[in-house]
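This structure is in structure tokens; I'll ask about it shortly.
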Amino acid sequence: MSALSLNIQSFREIREEGRHYVDKTEYIHRLLADGRSFFLARPARFGKTLLLSAIEEFFTGNRAWFGGLYLGESDRERKKHPVVYLDMALLGAESPASVKDELCFLLRKIALREGVAIQGGSPATLARFLLEAVGIKYRQKVVLLIDNCDFPATAALGDPEKARLIARALGDFYGGLRSLHPRLRFVMATGTFKYEEMAQNSGLSFLRDISLSPRYAGICGFTAQEAATGYAGRLASALDAFRAEGAFPGEYGLEELLAEVARWYGGYSFDGELQLINPHSFLSFLENGAFGRHWPSRLDLGYAFRLLREDLGALRPNPELLYGKDELETVSLSATWASSFLRGLGFLTLQNRVLSEGARESALAFPNHETVSGLYGAFLAHLAGRAPVEARAFARSFRREAEKGDGAELARLFSAFLAKLKEAPHQESPAFYRAVFGLALSLSGFRFKGASFGEGPVEGILKIEGGLGAVVKCQYLPKDAAGEGERKRLLAEELRAALEKASPEDESALSKGTGREYKEIFLLATGRADFLGGAVSQRSGLIFRPLAKAPEE
């Protein structure tokens, strides 16, 4: 059984030590056939650095590491080329000036290692001298690989204005390389985001963006087939362990295990069709022998939370919204929407790509359980000023009381959590309170079908794993809209109205064989003052009845 390559980003090290490598070299062969300059955006820990490492080894002529791989068996040219590898993650993000200084230092360090002399005051000038000098020394065109090309700007997102200035400085540097294009054998840049500020004024615009190309959809990440065949022994061991622990029934096989792997870590798509598994999360699962959140919790989500507070609809992606190529490829630091930023981070992915008037468009959706639970839990903890572990503990209690059908305790738990909110950025907005309510439900294991958080009441089918189901309605009522008696009357009217609105699909899904009276309603009514002073439980209205069994999907 080959050793895992978790957290190893060197192609040479993986091959030299006999670790398992999912063969992606067919895509390198494809790149070399298709052109000379490319840009690829993928989420963090998705295999970009390993891809560039393999390209570097190919061009430096290390054929031994490609034995048995697609590229090693192909007829692709074997001529050696000098490689200049720039890892922008080595740079800090203190200021645009410090980024330029550190980039100059990095370029001079590479020149010293190559034994060539360079001069110039700007990073672009130094880079031109370096690439020309290296080409002359080896009498070959140079291969330029730029990893983490957006890193200094992304690392500065705590200060968006500084991030914009750094992104423009990076764009100036990349644009300065354009004139050298005829002297370069191959150029590839990778990153998490292609910021508009980096791409404009010829920054990265001379590179062909393959991030959303169906031809390169599987260049990073694992397909289910690659996971099943490449790690068959590891998966079999995990399955045996789960059976022994009673986590999986004895009749469960590899197919059921792979389905659970896909539910936790799969669902990624960069063309709207091919489904991929997060490689870091999957290998972490094999290493730890248990399902869990291995990836989202390690990201800095401060900037994402700032965007989410102004764009709550991103917490509940609308499948009716279709995004075009231009909207998906580039992110603007001047006007960033939460949904586009979350897609770049890997929390949202393409779904249901369609052809509209000759152009391809896609909806966005959460790919898997790891991403949605990680984001929801972290955002709830952020809102309440608590550690994520406290948010998860609340969610477990919420789920437990929901399954017991204890409406009073459920209301108390939810109200107590709401009272802990360190601030309510949308205190006058019903959408904010519905979003928090929906986050709590989803984090507790519920699944929604219905309206999005940010548009009208949450109303639709709600399901818990195991077959429990409910029809949900979350209604906002200002605290001073009526007295206590009038509030109860309004709640009852909303309850009846929600029942009347239930569609035939709702009826079939929730009350088949049980009768209409068993359909259930969550109904939350609250106002601004209810979230202050810890007295929520005495003033909020939550109508709850025991959940009815629903047929399996």
Side-chain angles (χ1 to χ4, degrees), residues 4-9 11 14 19-24 27 40-54 89 147-148 154 190-193 210-212 216-232 234-235 238 254 257-301 304 317 328 339-351 362 364-378 388:
L4 296 175
S5 55
L6 180 64
N7 294 327
I8 299 178
Q9 299 175 321
F11 177 77
I14 290 173
R19 297 176 182 272
H20 182 72
Y21 171 73
V22 173
D23 189 1
K24 296 291 181 179
Y27 288 101
L40 175 70
R42 285 293 184 268
R45 299 175 178 270
F46 225 84
K48 303 184 296 294
T49 299
L50 180 57
L51 173 69
L52 289 188
S53 178
D147 199 10
N148 303 300
T154 301
T190 67
T192 303
F193 297 101
I210 59 172
S211 305
L212 304 178
Y216 292 97
I219 195 170
C220 293
F222 300 159
T223 65
Q225 183 62 36
E226 288 171 336
T229 57
Y231 298 93
R234 294 274 181 175
L235 288 167
L254 183 59
L257 178 59
L258 285 172
E260 191 68 5
V261 166
R263 187 181 78 85
W264 268 91
Y265 310 122
Y268 287 96
S269 180
F270 301 97
D271 67 345
E273 295 180 7
L274 181 67
Q275 298 286 303
L276 296 166
I277 296 168
N278 183 316
H280 174 80
S281 296
F282 175 65
L283 293 179
S284 297
F285 155 70
L286 293 179
E287 178 82 10
N288 291 283
F291 290 102
R293 285 180 291 273
H294 302 298
W295 170 76
S297 61
R298 304 186 183 197
L299 299 175
D300 181 1
L301 300 176
L328 291 167
S339 55
S340 61
F341 191 74
L342 291 175
R343 191 199 72 80
L345 287 178
F347 284 102
L348 294 176
T349 193
L350 271 61
Q351 188 179 61
S362 296
L364 295 179
F366 283 105
N368 52 50
H369 179 68
E370 181 182 47
T371 54
V372 70
S373 63
L375 181 64
Y376 282 8

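Values in this document were obtained by computation on a predicted structure and should not be read as measured data. Positions are given from 1, in the same order as the sequence printed here.
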Exercise. Between N368 and G266, is there a donor-acceptor pair closer than 3.5 Å when you use the side chain of the first and the backbone of the second?
Worked result: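 Confirmed, N368 side chain pairs with G266 backbone.
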Exercise. Out of H294, E370, R45, which one pairs with S281 under the side-chain hydrogen bond (donor to acceptor under 3.5 Å, both in side chains) rule?
Worked result: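 One option only clears the test, and that one is E370.
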Problem set entry | pair L4-Y231: side-chain heavy atoms closer than 4.5 Å |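 A side-chain contact exists here, since the closest heavy-atom pair is under 4.5 Å.
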Problem set entry | Donor-acceptor under 3.5 Å (S53 side chain, T49 main chain) |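 Answer holds: no.
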Problem set entry | Test applied, side chain to side chain contact (heavy atoms under 4.5 Å, CB included); reference residue, Y268; option that passes from L350, T371, L274 |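 It is T371; the other options fail the test.
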For this session: Search all heavy atoms of P43 against all heavy atoms of L345 and return the closest pair with its distance.
Result: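 Heavy-atom minimum between the residues: CB-O, 3.4 Å.
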Problem set entry | Spacing of R293 atom CZ and H369 atom NE2 [to the nearest 0.5 Å] |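 Taking CZ in R293 and NE2 in H369, the distance rounds to 6.0 Å.
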Exercise. Looking at L301 and A378, what are the two nearest heavy atoms and their distance?
Worked result: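 The pair with the smallest heavy-atom distance is CD1-CB, 4.1 Å.
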Exercise. Between the main-chain N or O of S211 and the side-chain N or O of R42, is there a donor-acceptor pair closer than 3.5 Å?
Worked result: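 Checking the backbone N and O of S211 against the side chain of R42, a donor-acceptor pair under 3.5 Å is found.
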Exercise. Just how far is it from atom CG of L51 to atom OG1 of T190, taken to the nearest 0.5 Å?
Worked result: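 Between atom CG of L51 and atom OG1 of T190 there are 8.0 Å.
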For this session: Could you note down all residue pairs passing salt bridge (charged side-chain N to carboxylate O under 4.0 Å, His left out) where residues 272-283 supplies at least one of them, sequence neighbours left out?
Result: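 Of all non-adjacent pairs touching residues 272-283, none passes salt bridge (charged side-chain N to carboxylate O under 4.0 Å, His left out).
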For this session: Would you please classify the geometry between the F193 ring and the F341 ring as parallel, tilted or perpendicular, with 30° and 60° separating the classes?
Result: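 Rings of F341 and F193: parallel, under 30°.
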Exercise. Nearest 0.5 Å, what's the CG-CD1 distance between L283 and I8?
Worked result: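 Output value for this atom pair is 10.0 Å.
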Problem set entry | Side chain K24, main chain F222, donor-acceptor under 3.5 Å |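 No: the side chain of K24 does not pair with the backbone of F222.
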Problem set entry | Listed partners of L258 passing side chain to side chain contact (heavy atoms under 4.5 Å, CB included), at least two apart |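 So L258 forms a side chain to side chain contact (heavy atoms under 4.5 Å, CB included) with A228, L235, L254.
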Problem set entry | Spatial distance of atom CG (L286) from atom NE2 (H20) [nearest 0.5 Å] |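 L286 CG to H20 NE2: 10.5 Å, rounded to 0.5 Å.
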Problem set entry | Heavy-atom closest contact (L364 atom, P317 atom, distance) |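 Shortest heavy-atom separation between L364 and P317 comes out as O-CB, 3.2 Å.
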Exercise. Do Y265 and F291 touch side chain to side chain, with heavy atoms closer than 4.5 Å?
Worked result: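 Yes, close enough: below the 4.5 Å cut-off.
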Exercise. What's the shortest heavy-atom distance between T349 and P367, and which atoms?
Worked result: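 So the two residues come closest at CG2-CB, 3.8 Å.
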Problem set entry | Closest contact, heavy atoms only, Q275 versus S269 |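 In this case the closest contact between Q275 and S269 is NE2-CB, 3.9 Å.
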Problem set entry | Euclidean distance, E287 CD relative to R234 CZ, rounded to 0.5 Å |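 Answer for the CZ-CD pair, R234 versus E287, is 7.0 Å.
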For this session: Side-chain contact test, heavy atoms from C-beta onward, threshold under 4.5 Å: evaluate it for N7 versus H280 and give yes or no.
Result: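 N7 reaches H280 side chain to side chain.
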Exercise. So, the side chain of T223 versus the backbone of E226: is there a donor-acceptor pair under 3.5 Å, distance only?
Worked result: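 The answer is yes, because a donor-acceptor pair under 3.5 Å joins these two groups.
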Problem set entry | Residue pair A224 / I277: nearest heavy atoms and the distance that separates them |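 Of all heavy-atom pairs spanning A224 and I277, the closest is CA-CD1, 4.1 Å.
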Exercise. Name the one of W264, F46, F347, F285 that satisfies ring-ring contact (aromatic ring centres under 6.0 Å, His included) with W295?
Worked result: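 So, applying the ring-ring contact (aromatic ring centres under 6.0 Å, His included) to W295 and each of W264, F46, F347, F285, only F347 qualifies.
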